[in-house]
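For reference, positions follow the sequence shown, starting with 1.
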Amino acid sequence: FINFMRVQLSTEYRGEELEAKIQSMKLDLLDKLIGDRLILQEARKSNIIINPDRIKSRVNEIRKHYGSDIEFQDSLAKQGMVQADIEAKIREQLLMYSVIEREIKSKITIKPGEVTDFYQENTAKFILPEQREFESITIDNEGLANEIFDKLKSGQELQGVADEYSLTVNKFGCVKGGQLRKDVEDTVFKINLSEISIPVNIENNYYIFKLINIIPPRNQNLSEVQDEIYAMLSNKKMQEALTKWLDALKEHTYIKILQN
């Protein structure tokens with residue numbers, strides 16, 4: 001199971017991040033495997049049929065994240081697997097999704113009043129923080145960056161200086177707290193409106209930023225967040241219903257855990 005998840009998660013994660021994700025899954029692995037077996041047991045009772053094209057499509061999605069089919073097959077071999085193993089696991093996943101859709105998800109309902117109540121009781125969760133909008137230019141030479149900075153400090157416009165040196169002005173917005181590299185954030189959040197930052201060295205390029213707008217914090221209204229709330233409540237109800245359903249299955253199933 002871990003080998004299969006490593007292959008599947010490799011479409012999203014790499015290196016240490018991938019291994020950290022695998023390690024976090026190991027903590028709940030036994031309960032996960034028991035739950036999967038119970039769901040598959042129900043799927044087989046229902047004689048659910050999975051279209052082979054869906055399995056093939058999922059395998060192809062995983063394969064796309066490798067440089068070639070040879071690289072994909074080599075990665076499987078390192079995990080002690082072949083493509084047939086991946087296909088079998090994907091088929092099991094699709095069987096489980098089908099059962100969960102029929103037994104749990106299709107029975108979940110969220111009333112509009114529940115969404116409104118959650119919003120009113122948790123308005124603090126839906127405050128958009130202050131956002132700042134910037135213009136920036138990138139220079140590949142420190143001396144030139146300082147020369148351009150001096151011109152901007154003397155009052156010349158960023159766009160005009162950029163045109164003079166054939167540079168592109170980029171625009172972006174962000175909030176404080178992790179969206180930017182710390183050295184960039186420390187620089188740009190200290191400057192005032194229409195002010196120019198000192199050149200910031202990032203991997204041998206020099207960036208100059210200009211603060212062009214400050215958007216103050218505000219409360220999002222219900223219409224802006226109702227989809228988010230609906231998904232949150234739906235997921236919560238689904239997890240609760242799934243746990244209850246699995247607990248009921250466990251009560252009527254003989255489960256033996258072998259320990260080495």
Side-chain angles (χ1 to χ4, degrees), residues 1-13 17-51 54-55 57-58 61-62 86 88-129 177-178 219-259:
F1 179 81
I2 289 174
N3 290 342
F4 168 68
M5 290 309 301
R6 181 176 282 109
V7 172
Q8 194 168 55
L9 289 171
S10 67
T11 62
E12 301 178 52
Y13 305 95
E17 190 178 14
L18 172 61
E19 292 308 312
K21 188 71 176 177
I22 294 294
Q23 290 300 320
S24 70
M25 293 182 64
K26 284 184 178 180
L27 300 175
D28 301 316
L29 179 58
L30 187 58
D31 282 342
K32 165 69 175 168
L33 290 176
I34 291 172
D36 286 356
R37 288 293 172 267
L38 290 170
I39 297 170
L40 281 170
Q41 182 175 274
E42 292 302 302
R44 290 178 178 127
K45 287 179 184 178
S46 304
N47 295 318
I48 296 172
I49 303 299
I50 301 299
N51 188 329
R54 294 179 65 192
I55 299 173
S57 176
R58 291 285 291 274
E61 282 298 316
I62 295 174
I86 290 288
K89 286 293 184 183
I90 290 174
R91 180 177 180 277
E92 288 184 350
Q93 282 189 338
L94 293 173
L95 283 170
M96 289 189 289
Y97 294 156
S98 297
V99 173
I100 292 172
E101 174 72 34
R102 187 191 66 193
E103 298 291 337
I104 309 295
K105 191 173 181 180
S106 65
K107 300 175 183 178
I108 299 296
T109 58
I110 306 295
K111 298 177 182 177
E114 294 178 83
V115 175
T116 302
D117 289 344
F118 185 89
Y119 173 76
Q120 292 176 343
E121 293 166 7
N122 298 274
T123 52
K125 293 183 178 180
F126 303 108
I127 297 176
L128 286 178
N219 282 92
Q220 293 174 281
N221 58 49
L222 178 58
S223 64
E224 291 178 280
V225 297
Q226 60 185 5
D227 289 345
E228 177 186 345
I229 295 173
Y230 180 89
M232 189 187 310
L233 294 177
S234 181
N235 185 62
K236 182 174 182 294
K237 282 191 177 184
M238 184 170 166
Q239 291 303 318
E240 291 171 349
L242 179 59
T243 299
K244 185 177 179 180
W245 183 63
L246 286 174
D247 287 344
L249 291 178
K250 289 176 183 179
E251 290 180 3
H252 300 90
T253 306
Y254 175 68
I255 301 172
K256 184 177 181 180
I257 300 173
L258 304 177
Q259 296 184 1

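- With values rounded to the nearest 0.5 angstrom, Leu18 atom CG is found 10.5 Å from Gln23 atom CD.
- For Lys237, the NZ atom counts as densely surrounded, since its 6.0 Å shell holds more than 12 non-hydrogen atoms of other residues, nucleotides or ligands.
- Of all heavy-atom pairs spanning Ile255 and Ile34, the tightest one is CD1-CG2, 3.9 Å.
- Every pair passing side chain to side chain donor-acceptor pair (under 3.5 Å) that includes a residue from residues 88-98 is listed here, sequence neighbours excluded: Gln8-Gln93, Arg58-Gln93.
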Working for side chain to side chain contact (heavy atoms under 4.5 Å, CB included), residues Gln41 and Lys45: CA-CA 6 Å; Gln41 182 175 274; Lys45 287 179 184 178; 4.2 Å; yes
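- The line from CG of Asn122 to CD1 of Ile127 is 11.5 Å long, rounded to the nearest 0.5 Å.
- Of all the heavy atoms in Gly35 and Leu246, the pair that sits closest is O-CD2, 3.9 Å.
- Here Met238 contributes atom CE and Ile110 contributes atom CD1; the two are 11.5 Å apart, rounded to the nearest 0.5 Å.
- Atom NZ of Lys125 has 12 or fewer heavy atoms from other residues, nucleotides or ligands within 6.0 Å.
- Taking CG of Asp36 as the start and CE of Met96 as the end, the distance is 4.0 Å to the nearest 0.5 Å.
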Identify every side-chain donor-acceptor pair in residues 225-235 under 3.5 Å, counting partners at least two apart or on other chains, and give the distances.
none

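- Of the inter-residue distances, the one linking Ile100 atom CD1 with Ile39 atom CD1 reads 4.0 Å to the nearest 0.5 angstrom.
- In terms of the salt bridge (Lys or Arg N to Asp or Glu O under 4.0 Å) criterion, residue partners of Glu61 (sequence neighbours excluded) are, by chain and number, Lys64.
- Qualifying side chain to side chain contact (heavy atoms under 4.5 Å, CB included) partners for Glu251, counting only residues two or more places apart in sequence or in other chains: none.
- Heavy atoms only, all atoms of each residue included: Met5 and Ile22 are closest at C-CD1, 4.1 Å.
- In this structure the side chain of Leu38 never reaches within 4.5 angstrom of the side chain of Glu42, judged on heavy atoms.
- Checking side-chain atoms of Glu224 against main-chain N and O of Asn221 turns up a donor-acceptor pair under 3.5 Å.
- Closest approach of Thr253 and Leu249 over heavy atoms only: OG1-O, 2.6 Å.
- Within the structure, every pair that satisfies the salt bridge (Lys or Arg N to Asp or Glu O under 4.0 Å) test and touches residues 101-110, not counting sequence neighbours, is listed here: Glu103-Lys107.
- Looking only at side-chain heavy atoms (C-beta outward), Leu222 and Val115 come within less than 4.5 Å of each other.
- Between the CD1 atom in Ile50 and the CG atom in Leu95 there is a gap of 4.5 Å [rounded to 0.5 Å].
- Remark: Glu240 engages Lys236 in a side-chain hydrogen bond (donor to acceptor under 3.5 Å, both in side chains) (not counting sequence neighbours).
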